[in-house]
Amino acid sequence: MLPIQLFRQDRELILQGLAKKHFRETELVDVIIETDEKRRRLQLEHDNLAASVNAASKQIGMHMAKGEKDKAEELKAQVAQHKETIKDLVQQLSDAEQQLHDTLVKLPNLPHSSVPEGKTPEENVIVRSGGEIPTLTEQKLPHWDLMTQYRLMDLSLGNKIAGSGFPVFMGQGARLQRALIQYFLDFNTAAGYVEHCPPFMVNEETAYGTGQLPDKEGQMYHVTADGLYLIPTSEVPLTNIYRDVIVPEQEMPVKMTAYSPCFRREAGSYGKDVRGLNRVHQFDKVEIVQVTDPAGSYDTLEQMVSHVEKLVQSLGLPYRILRLCGGDMSFTSALTYDFEVFSAAQERWLEVSSVSNFETFQANRMKIRLRDAQGKTQIAHTLNGSSLALPRIVACLLENNQTPDGIKLPQVLHSYFGKDMIS
RNA sequence: GGAGAGAUGGCAGAGUGGUCGAACGCGGCGGUCUUGAAAACCGUUAACUGUAACAGGUUCGGGGGUUCGAAUCCCUCUCUCUCCGCCA
């Protein structure tokens with residue numbers, strides 16, 4: 001949610017930002033400005049009237065105390081009149097507030113100035129790349145075949161138990177999941193992120209706080225009996241820890257990491273892109289989240305990108321980092337870097353991490369604030385990124401490192417996995 | 001699941017219809033004293049909204065109601081605690 005002050009200050013800036021994001025309903029901006037003015041007008045009228053009623057009520061109290069009943073009754077009659085008007089104003093005011101809010105949440109975040117122009121994923125800009133794409137023999141297999149060959153995962157079993165898109169990992173496959181999760185968490189905590197283990201279900205308010213509601217409702221699993229949602233990412237519970245919190249300046253930045261399974265309905269996805277582990281309904285991910293001072297949030301973003309880059313490098317996977325163009329960014333983000341790793345058997349790039357700065361967009365909604373040395377509060381910035389999502393990392397590890405003798409694992413995983421190869 | 005108690009400022013905790021946005025204490029901040037510190041003493045210290053700055057408005061778990069006036073009375077929801085039951 002964009003701060004309302006921005007609409008009062010710089011309408012042009014908002015329109016430019018929305019254009020870059022290819023957002024069409026630009027007329028909403030003027031609706032917001034008008035509604036805000038209306039709201040403030042009503043508020044002023046209401047406050048003035050309320051002030052006179054408050055003053056009169058105090059006088060009534062004083063008259064009663066002195067036993068001046070007549071004067072008290074006189075004032076009562078006066079107040080009764082105002083009360084009718086106030087009742088009406090309150091209704092109008094709350095309508096205006098509701099309308100303002102409902103319109104405000106429809107607008108996406110504004111892109112940072114460094115966001116490239118563009119509408120489609122093809123227009124994303126490659127910032128840099130690293131690692132080497134391996135040359136595989138003709139006998140190379142895609143990960144879903146390797147999974148079967150080494151009995152690492154069974155999708156049809158998951159189908160039986162839950163439904164399509166719910167993989168069952170077993171044996172060395174299950175062990176690899178655990179090894180990766182533990183390695184990722186250790187890597188993150190070593191960089192100062194505090195490990196958390198949050199709930200995997202959240203209430204409506206929480207889902208709303210990070211922006212999953214109202215616009216992505218259909219993408220989450222909903223436990224209707226209890227009004228809970230299964231988390232699509234641990235960003236949701238982690239960031240919401242700081243909902244309605246005023247963080248003292250010296251405690252900034254807040255750095256958190258968590259492992260969680262992620263549940264996504266992926267309504268509307270189908271076709272070849274979803275084979276194997278490319279797109280599933282439940283997957284494992286380790287997330288990093290930061291809450292920061294607005295002044296340094298873009299430095300923080302670069303640090304997070306570099307952190308994730310080192311992690312990907314340590315796994316020896318060929319990767320590239322993209323700066324997303326305006327049209328490909330998420331609703332809530334101001335600047336996003338995507339990490340992709342090259343899947344050598346499928347011969348395509350797969351997204352494994354997305355690192356974003358949301359600026360005040362989430363924090364404004366959640367009222368995450370910081371208090372500076374002068375005691376003033378201001379809205380904080382929130383950032384997050386995957387570090388990392390497992391399925392596509394696993395797909396690449398298997399495909400890129402396949403040999404006739406088995407699948408070689410990167411050095412960093414040996415101690416976590418208990419051996420150096422899947423065989 | 002059953003029975004009971006409770007939710008007040010950073011913390012602790014008074015306050016049962018009228019200058020209560022809220023006592024006292026602790027903590028925090030500023031000062032006096034001191035070479036410095038401690039102690040003692042004095043002062044100050046909620047959030048949101050709003051204003052150029054005042055003013056004003058809202059907030060005592062959330063929502064609704066009674067009343068000229070609600071932290072205080074009524075309804076309702078949520079949460080916490082204690083006891084019982086069940087249980088990984």
Problem set entry | A:N203 CG - B:C77 P separation (whole Å) | 18 Å
Problem set entry | Contact summary for A:T360 and A:P3, nearest pair of heavy atoms | OG1-CD, 4.0 Å
Exercise. Want to settle it: does A:V53 or A:Q5 sit nearer the 5' end of RNA chain B, counting the closest nucleotide to each?
Worked result: A:Q5
Exercise. In the strands shown, is B:C60 matched to any nucleotide by a Watson-Crick or G-U wobble pair with both distances under 3.5 Å, and which?
Worked result: none
Problem set entry | Pairwise C1' distance for B:U19 and B:G25, with rounding to whole Å | 25 Å
Problem set entry | Integer angstrom distance from the C1' of B:C41 to that of B:C54 | 34 Å
Problem set entry | Gap in Å between the two C1' atoms, one belonging to B:G17 and one to B:A71, rounded | 11 Å
Seminar exercise, completed: Taking a pair to mean Watson-Crick or G-U wobble geometry with both distances below 3.5 Å, B:G21 pairs with none
Problem set entry | Heavy atoms of other groups near A:K419 NZ, more than 12 under 6.0 Å | yes
Exercise. Charged N to carboxylate O below 4.0 Å: is that the case for A:D102 and A:K106?
Worked result: no
Exercise. Is there a donor-acceptor pair closer than 3.5 Å between any side-chain N or O of A:R264 and the backbone N or O of A:P232?
Worked result: yes
Problem set entry | First encountered from the 5' end of RNA chain B, between A:L44 and A:R40 | A:R40
Problem set entry | Donor-acceptor under 3.5 Å (A:K20 side chain, A:E117 main chain) | no
Problem set entry | Whole angstrom value for the distance that separates P of B:U58 from CD1 of A:I86 | 9 Å
For this session: Please state whether the phosphate of B:G69, meaning OP1 or OP2, lies under 4.0 angstrom from any side-chain nitrogen or oxygen of A:N54.
Result: no
Seminar exercise, completed: In whole angstroms, the gap separating P of B:G62 from CD of A:E205 amounts to 12 Å
For this session: Calculate the interatomic distance between A:N48 atom CG and B:G56 atom C1'; express it in whole Å.
Result: 7 Å
Exercise. Rounding to a whole Å, what distance do you find between A:H46:NE2 and B:G56:P?
Worked result: 15 Å
For this session: Provide the distance between the two C1' atoms, one in B:U72 and one in B:C83, to the nearest whole Å.
Result: 29 Å
Problem set entry | Interatomic distance at C1', B:A22 relative to B:G9, whole Å | 9 Å
Exercise. Who is the Watson-Crick or G-U wobble partner of B:C29, with both distances under 3.5 Å?
Worked result: B:G43
Exercise. Mind checking who B:G6 pairs with, Watson-Crick or G-U wobble, both distances under 3.5 Å?
Worked result: B:C79
Seminar exercise, completed: Against the side chain of A:I60, the closest entry in B:G57, B:C68, B:U51 is B:C68
Problem set entry | Pair assignment for B:A71, Watson-Crick or G-U wobble, requiring both distances under 3.5 Å | none
Problem set entry | Whole-Å gap separating C1' (B:U58) and CG (A:L89) | 15 Å
For this session: In sequence, state the C-alpha distance, the side-chain angles, and the governing distance for A:F187 and A:H307, and then conclude on ring-ring contact (aromatic ring centres under 6.0 Å, His included).
Result: CA-CA 9 Å; A:F187 189 87; A:H307 175 79; 4.9 Å; yes
Exercise. When all nucleic acid strands are considered with a 4.0 Å heavy-atom cut-off, which category describes A:R8: base, sugar-phosphate, or nothing?
Worked result: sugar-phosphate
Problem set entry | B:G18 phosphate, OP1 or OP2, under 4.0 Å from A:S57 side-chain N/O | no
Exercise. What distance, rounded to whole Å, do you find between the two P atoms, one in B:G15 and one in B:C84?
Worked result: 30 Å
For this session: Name the nucleic acid region contacted by A:A56, choosing base, sugar-phosphate or nothing; use a 4.0 angstrom heavy-atom cut-off, strictly under.
Result: nothing
For this session: Starting at atom NZ of A:K76, determine the distance to atom C1' of B:G18, rounded to an integer number of angstrom.
Result: 12 Å
Exercise. Does A:D47 get its side chain close enough to the base of B:G57, under 3.5 Å, for a donor-acceptor pair?
Worked result: no
For this session: Using the C1' atom on both, measure B:A14 against B:C20 and round to a whole Å.
Result: 12 Å
Exercise. Mind checking whether A:Y298 and A:H112 have ring centres under 6.0 Å apart?
Worked result: yes
Problem set entry | Nearest-nucleotide pick for A:R369, side chain only, options being B:A47, B:U58, B:G50 | B:A47
For this session: Sort out the partner of B:G85 for me: Watson-Crick or G-U wobble, both distances under 3.5 Å, none otherwise.
Result: none
Problem set entry | Atom C1', compared across B:G27 and B:G63: separation rounded to whole Å | 34 Å
Seminar exercise, completed: Rounded to whole Å, the CG-C1' distance (A:D244 to B:A46) equals 15 Å
